[in-house]
There are 2 protein chains.
Amino acid sequence: MPSPKRRYDPDRRARILQATLDVVAEHGVAGTTHRRVAAAADVPLGSMTYHFAGMDELLTEAFTLLADQVSGRFTERLAAASTLDDACEAVVDLIVDESWATPRNMLLSYELYAYAARNPPLRGVMQAWMEKSRAALRQHFTAETAKVLDAVIEGLSIHRSVDAHPATREEVRAIVRRLV
Amino acid sequence: MPSPKRRYDPDRRARILQATLDVVAEHGVAGTTHRRVAAAADVPLGSMTYHFAGMDELLTEAFTLLADQVSGRFTERLAAASTLDDACEAVVDLIVDESWATPRNMLLSYELYAYAARNPPLRGVMQAWMEKSRAALRQHFTAETAKVLDAVIEGLSIHRSVDAHPATREEVRAIVRRLV
DNA sequence: AGCTGTTATGTACATATGTACACAACAGCC
DNA sequence: GGCTGTTGTGTACATATGTACATAACAGCT
């Protein structure tokens with residue numbers, strides 16, 4: 001039995017996962033199929049069942065990747081702030097910045113919430129995500145304030161994505177200021 | 001041409017819509033099929049296409065019904081409050097009360113958010129829902145506070161549904177007090 | 001009763017979908 | 001070169017699904 005060298009290409013796997021998120025963003029979990037993902041990732045259909053045991057595994061891993069990416073950027077943005085004022089501004093950014101609370105990210109979050117409700121492993125992922133966000137906030141605020149801010153970020157982001165006339169940056173800033 | 005008397009039974013239609021929500025709650029939009037809904041409503045498959053032009057119409061009407069029911073109860077709960085203290089307690093109830101922020105309601109909300117993102121008519125429904133909630137809050141609080149409370153209710157409800165150790169009623173009360 | 005238009009149902013069918021699996025391609029080693 | 005075990009693909013197939021539609025059931029009317 002020579003050197004095992006189990007070397008299946010992680011690149012392809014990663015590309016499929018990324019494509020899965022693209023497809024979910026465009027068609028929803030309901031419209032996500034092996035074929036569509038394969039087309040989006042530009043891999044043959046056979047690759048799907050080769051790399052992933054089934055639809056569940058595919059979606060679970062894709063959503064886990066999403067949580068990692070998003071919470072990573074969340075933490076980065078907050079870590080970049082040094083003063084309390086900076087931290088407040090970072091929070092405002094996380095709510096109103098078009099490059100963060102993008103329609104795509106919001107959409108994927110909704111799909112994740114819905115999917116995780118019926119998928120125990122993903123519930124764990126979401127709990128970890130939430131805890132990581134709070135930890136990032138705790139670098140600048142008290143534990144209590146961190147919890148409230150976390151909830152407000154969530155709620156305002158959602159409402160802004162629905163509202164026909166979303167709150168302006170100044171309004172959001174006023175709300176954040178009021179909370180700290 | 002005698003009296004038109006178009007009398008097709010609205011009962012059956014309503015029952016199908018209710019069953020649709022049940023099926024969505026149990027299997028998600030992704031797992032909702034005409035056959036499953038028909039079985040849940042105890043009607044023949046043919047009734048599906050007879051009463052609803054297609055899956056889209058079915059889901060759109062079902063989610064619209066959900067929004068009406070939920071926002072109705074939201075408004076009722078707040079209208080029952082007479083003093084400011086009562087109003088605060090009502091808000092706390094809306095967040096922590098097991099009969100309101102039920103797993104089922106949260107789950108259906110997530111599915112609705114995700115679905116509405118790709119369904120323009122439902123976006124209007126959601127905007128109306130949000131506006132109605134804010135109006136109910138404005139009976140007791142200023143417009144600004146109403147907006148924040150609305151967002152906090154949303155965010156805290158979601159986080160409570162994810163959190164392994166959700167905030168207690170007292171903690172939530174403290175947060176609400178802090179905001180008004 | 002018979003006639004007529006509306007309401008409702010069972011069923012058939014084209015298509016989409018998840019998944020398995022027989023094979024191909026290929027790297028490493030002799 | 002040939003041999004071998006692993007990695008990757010094209011394809012076939014059973015099943016699930018949306019939807020149409022030919023009838024049935026029935027209410028109202030004469």
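Throughout, a chain's letter reflects where its sequence line sits, starting with A, and its residues are numbered from 1.
Taking 4.0 Å as the cut-off between side-chain N and carboxylate O, A:R13 and A:E61 count as a salt-bridged pair. A:D42 and A:R12 are not joined by a salt bridge, as no carboxylate oxygen comes within less than 4.0 angstrom of a charged side-chain nitrogen. At a threshold of 4.0 Å, the pair A:E26-B:R118 does not count as salt-bridged, since none of the basic side-chain nitrogens sits closer than that to a carboxylate oxygen. Taking a cutoff of 4.0 Å between a charged side-chain nitrogen and a carboxylate oxygen, B:D163 and A:K147 do not qualify as a salt bridge.
Note that the CG atom of A:L17 and the CZ atom of A:F63 stand 11.5 Å from one another [nearest 0.5 Å]. Remark: B:Y115 OH to B:D56 CG distance equals 3.5 Å, nearest 0.5 Å.
With hydrogens and angles left out, the side-chain atoms of B:S99 and B:D97 include a donor and acceptor closer than 3.5 Å. In this structure, a donor-acceptor pair under 3.5 Å is present between the side chains of A:R178 and B:T145.
The interatomic distance linking B:M48 (CE) with D:dT19 (P) rounds to 13 Å, in whole Å. In this structure, the CD1 atom of A:I16 is 10 Å from the P atom of D:dG8, given to the nearest Å. Going from atom OH of B:Y50 over to atom P of D:dA24 covers 17 Å, rounded to whole Å.
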Please list, pair by pair, any protein nitrogen or oxygen found under 3.5 Å from a nitrogen or oxygen in nucleotides 14-18 of chain D.
unit_1	atom_1	unit_2	atom_2	d
D:dG18	OP2	B:H34	N	3.0
D:dG18	N7	B:R35	NH1	3.0
D:dG18	O6	B:R35	NH2	3.1

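Rounded to 10 degrees, the angle separating the terminal helix axes of the helix from C:dA1-D:dT30 to C:dC30-D:dG1, each built from five base pairs, is 10°.
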